[in-house]
Every structure is written in structure tokens, then in C-alpha cells.
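Beneath this line is the structure, given in C-alpha cells, with notes to follow.
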There are 2 protein chains.
Amino acid sequence: MTETFGIAELAKEFGVTTRTVRFYEDKGLISPTREGQRRVYSPRDRVRLRLIMRGKRLGLTLDEIAELINLYDVDPSEVTQLKQFIGVIHERKTVLEGQKQDIEDILAEMNRLERQCTQLLSQKQNKK
Amino acid sequence: MTETFGIAELAKEFGVTTRTVRFYEDKGLISPTREGQRRVYSPRDRVRLRLIMRGKRLGLTLDEIAELINLYDVDPSEVTQLKQFIGVIHERKTVLEGQKQDIEDILAEMNRLERQCTQLLSQKQNKK
DNA sequence: AGCGAGCTTTACGTTAACGTAAAGTAGCCG
DNA sequence: CGGCTACTTTACGTTAACGTAAAGCTCGCT
């Protein structure tokens with residue numbers, strides 16, 4: 001028998017409210033089982049939550065996150081599906097590489113600004 | 001005299017509506033001058049718009065983007081401000097490096113999935 | 001003078017992603 | 001049994017980031 005989790009437990013682990021976790025269920029992002037009326041989450045649900053959080057850190061909408069997550073559940077027996085799948089992956093990769101470039105640009109600028117500042121600061125410190 | 005731009009011109013260039021451009025002005029992100037009643041945008045406004053778009057691609061809110069943009073306008077004469085400034089830069093860098101890591105993780109997975117798919121696909125192609 | 005194109009302000013509408021409050025249930029503890 | 005705690009459903013509220021519609025200026029053309 002595999003480990004299970006309660007809703008409060010998972011919410012705390014990921015730093016969100018239980019409302020949020022239920023909301024993601026409404027949106028079809030996770031599908032916990034029930035034990036009586038209570039929700040019971042599997043390790044798989046937990047992995048999905050982790051993926052959701054990662055997506056959110058990147059500014060994806062829940063719909064986009066759903067599309068990404070569901071990639072893992074594609075049936076690899078149909079050739080047309082496989083081709084579509086590869087197409088989607090390509091699109092996603094393009095966007096992500098753009099984002100990565102954006103980040104590297106900003107990081108470079110930040111580093112430049114930082115150097116400039118520390119230098120200015122040490123100048124002032126010395127003069128005094 | 002330096003180049004100027006109309007609102008429709010800039011909107012088209014960045015793929016947004018004029019409403020959006022005016023909205024950013026309301027939020028204090030850009031401050032075009034007026035020529036009679038009409039808005040006139042400088043190259044500086046254009047640069048800011050470019051920065052805004054980059055921020056949006058990274059999933060930042062307009063408030064966060066404003067904070068970032070205003071970093072460029074800090075007065076470098078006050079030591080306390082400089083120190084604060086360096087602090088903000090540090091925070092930003094941490095977040096960005098996290099995002100970058102997220103992206104690299106997903107990209108790695110995408111590549112794995114892609115290889116797996118193309119391989120599956122060529123197998124099916126050969127068997128037929 | 002009339003008119004259309006392009007701009008303006010004003011203001012109400014919309015969507016996503018939850019927050020928050022109300023009211024009910026199920027299990028355990030003294 | 002009463003009460004607490006943790007969960008549940010239902011439903012209305014909120015914020016960000018615009019969309020969209022209405023009504024009015026101004027310039028240039030015919």
C-alpha cells in the first residue's frame with residue numbers, strides 16, 4: 001500500500017490554501033479519491049501539484065499547465081497523436097527558450113547594475 | 001530633434017491594442033507627452049514598452065514590472081538608496097535564477113519526451 | 001460645409017485565480 | 001452526550017489586466 005496525504009498536509013507543503021487545492025481539482029488538474037466524504041491524495045497527485053507550482057512560477061495559466069501535464073498521459077499507440085504530441089512539444093520548447101533568453105538578458109543587466117552600484121558605493125566609502 | 005511615435009504605431013509594433021498602451025500609462029509605467037490632446041511617445045517610452053513586454057513574457061505582474069523598470073531611475077547619490085537598490089537586485093536575481101532552473105528542468109524533460117516519441121514513431125514506420 | 005480617420009475620455013463588462021463566509025457532517029475526547 | 005477539530009459543499013466577493021461600447025474633438029480632404 002502506498003502513502004497517502006490529506007488536503008491540509010499538501011496545502012501546507014506547497015504553501016497554498018486548501019481552497020486552492022480544491023480549485024485545482026475543479027479545473028481537472030488533480031483527481032484525488034474519496035474516503036467517505038474526504039479527499040485522499042496519492043503520491044501521483046502530489047507530483048502533479050509540484051508540476052503545477054513550477055508552471056505557476058513561470059507565469060503559465062492553469063489551462064496551459066493542464067495542457068502540459070496531460071502530455072504525460074498521452075497514449076503512445078496512435079501515430080497521429082504522436083505527431084501532434086511532437087508538435088506541441090516543439091511549440092513549448094520555442095516559448096521556453098525565449099523565456100530563458102529573456103531571463104539571461106535581465107540577469108546580465110542586473111549584474112551590470114550591481115557592479116556599478118558596489119563600485120559607486122566603495123568610492124563613497126573611501127572618500128569619507 | 002529625436003524620433004517620436006504615435007499610439008497606434010507602437011501598439012502595432014508590440015502586438016497590443018491602444019487600450020493596453022493607455023492602461024500602462026494609467027499604471028504609471030510610461031509617461032508620454034502631449035501634442036494638443038494627442039499622446040506622443042519618445043524612444044525612451046518605446047524602450048519601456050519593450051521592457052514591459054519582456055516582463056510579461058516572464059509572468060511578472062505590472063506592479064513587479066514597474067518596480068523593476070524604476071530601478072533604472074534610482075538616484076545614485078544617496079548611499080542608503082544604493083544599498084537598498086543592491087538588496088532589491090539580489091532578491092530579483094534569486095527569483096530569476098529559480099525560474100531559469102525551472103525552465104531548464106522542463107526543457108530537459110521535453111527533450112527526453114521528444115526523443116522517446118520520435119523513436120517510437122520510427123519504429124512504427126519501419127514495421128509497416 | 002460635410003465627412004471620415006484617428007485620436008480622446010468615461011465607464012461599465014469580462015476572465016482567471018483564487019478569498020471568504022456560511023452552514024452542514026464525521027470522528028474523536030472527556 | 002456536548003463540544004472541538006478537520007473536513008465538506010455552496011456561493012458570493014475580489015483583484016489584475018485588460019475588452020468594449022459610447023460620445024466627443026480635430027485634422028485633412030473633397
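So you know, we letter chains A, B, ... as the sequences are listed, proteins then strands, and number each from 1. Just so you know, these numbers come straight off a predicted model, no measurement behind them.
- Distance CZ (A:Phe23) to P (D:dT14): 17 Å, rounded to an integer number of Å.
- Distance B:Glu9 CD to C:dC7 P: 9 Å, rounded to the nearest Å.
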Requested in this report: Summarise how protein sits on nucleotides 19-26 of chain C as a single string, 5' to 3': B when a protein heavy atom is under 4.0 Å from the base, S for sugar-phosphate-only contact, - for no contact.
Outcome: BB----BS
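- Shown here are the side chain to side chain donor-acceptor pair (under 3.5 Å) partners of B:Thr94, two or more places apart in sequence or in another chain: there are none.
- Without hydrogens or angle criteria, A:Glu3 side chain to A:Pro43 main chain gives no donor-acceptor distance under 3.5 Å.
- Rounded to an integer number of Å, the gap from B:Glu25 CD to D:dC18 P is 15 Å.
- Ionic pairing of A:Arg48 and A:Asp73 is present here: one or more N-O contacts between side-chain nitrogen and carboxylate oxygen are shorter than 4.0 angstrom.
- For B:Lys56 and B:Glu64, the salt-bridge test fails: no basic side-chain N is under 4.0 Å from an acidic carboxylate O.
- Where B:Tyr24 and A:Ala8 each meet DNA chain D at their nearest nucleotide, the meeting point lying more 5' is that of A:Ala8.
- With sequence neighbours excluded, the residues forming a side chain to side chain donor-acceptor pair (under 3.5 Å) with A:Glu109 are B:Arg54, B:Tyr72, listed by chain and number.
- Applying the side-chain hydrogen bond (donor to acceptor under 3.5 Å, both in side chains) test to residues at least two apart or on different chains, the pairs with a partner in residues 25-34 of chain A are A:Glu25-A:Arg34, A:Glu25-A:Arg39.
- Taking atom CD1 of B:Ile7 as the reference point, atom P of C:dA5 lies 19 Å away to the nearest angstrom.
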Query raised in the report: Would A:Phe85 and B:Glu114 satisfy side chain to side chain contact (heavy atoms under 4.5 Å, CB included), going step by step from the backbone distance to the final call?
Result: CA-CA 8 Å; A:Phe85 186 51; B:Glu114 195 181 15; over 6 Å; no
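- The distance from atom NZ of A:Lys27 to atom P of C:dC18 is 10 Å, rounded to the nearest whole Å.
- Rounding to whole angstrom units, OH of residue A:Tyr41 and P of D:dC7 are separated by 10 Å.
- Residues of residues 44-65 of chain B having a heavy atom closer than 4.0 Å to DNA chain C: none are found.
- Across the protein-nucleic acid pair, A:Arg34 atom CZ and D:dC7 atom C1' stand 11 Å apart, rounded to whole Å.
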Requested in this report: Assess whether side chain to side chain contact (heavy atoms under 4.5 Å, CB included) is satisfied between B:Ile106 and B:Ile103, documenting all intermediate values.
Outcome: CA-CA 5 Å; B:Ile106 302 186; B:Ile103 289 181; 5.9 Å; no
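- Scanning for side-chain contact (heavy atoms from CB on, under 4.5 Å) contacts around B:Glu97 gives A:Leu107, B:Lys93, with sequence neighbours left out.
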